[in-house]
Every structure is written in C-alpha cells, then in structure tokens.
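Okay, structure first, notes after.
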Amino acid sequence: MNEKYDFRKDGKIPDSGRLKKQITINIDADTIDYFKLQSKFSGIPYQTLINLYLSDCAENKKQLQINWN
C-alpha cells in the first residue's frame with residue numbers, strides 16, 4: 001500500500017483539503033461490491049476508497065488502457 005495512504009498506523013483518514021463536488025455516476029454493481037469489501041478490511045468508507053483511487057490516478061497522470069476485445 002502506498003505509504004501516504006497507509007491508515008493502519010493511526011486509523012485516521014487524512015483530510016485532503018481539496019474541494020469536493022457531489023456528482024451522480026453509474027458504476028457497475030460488482031465494482032461497488034469490490035470497494036465495499038475493501039472498505040470492510042480497511043475501515044475506510046467505500047466512497048472514500050473510490051475517491052482515493054481516482055485521485056491517485058489523476059495525480060499520477062495514469063493513462064487509460066482500453067481494450068475492446
């Protein structure tokens with residue numbers, strides 16, 4: 001796990017200080033189930049986990065790899 005996202009030390013979720021914007025998004029049920037399961041293991045709300053993952057992708061400018069086969 002990335003050191004800056006390792007919450008096992010003190011159990012606190014850091015406040016990113018970034019402005020949050022509420023949106024509506026369609027996400028597959030099995031994807032939500034995956035993050036909910038991860039939430040049980042980490043103790044971090046699943047929506048926060050999704051946001052952390054997407055923020056990491058944006059921050060590191062990860063390029064999408066789309067394969068339609």
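- Under a hydrophobic clustering in which Ile, Leu, Val, Met, Phe, Trp and Tyr are joined whenever their side-chain heavy atoms come within less than 4.5 Å, directly or via other members, Ile25 and Tyr34 fall into the same cluster.
- Taking every heavy atom of both residues into account, Ile44 and Ser39 meet most closely at O-OG, 2.5 Å.
- Side chains of Leu54 and Ile50 form a contact here, defined as non-hydrogen atoms less than 4.5 Å apart.
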Would you check, one step at a time, whether the test side chain to side chain contact (heavy atoms under 4.5 Å, CB included) holds for Thr48 with Tyr46?
-> CA-CA 5 Å; Thr48 301; Tyr46 78 95; over 6 Å; no
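- No more than 12 heavy-atom neighbours from other residues, nucleotides or ligands sit within 6.0 angstrom of NZ on Lys40.
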Can you check side chain to side chain contact (heavy atoms under 4.5 Å, CB included) on Lys36 and Leu49, steps first, answer last?
-> CA-CA 9 Å; Lys36 284 184 176 182; Leu49 289 174; over 6 Å; no
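- By the rule that hydrophobic residues join a cluster once side-chain heavy atoms approach within less than 4.5 Å of another member, Ile27 and Tyr53 end up as members of one cluster.
- Rounding to the nearest 0.5 Å gives a distance of 10.0 Å between NZ of Lys61 and CD of Gln63.
- Annotation: the span from Leu37 atom CG to Asp30 atom CG amounts to 12.5 Å, rounded to 0.5 Å.
- Side-chain atoms of Asp56 do not come within 3.5 Å of backbone N or O of Leu52 as any donor-acceptor pair.
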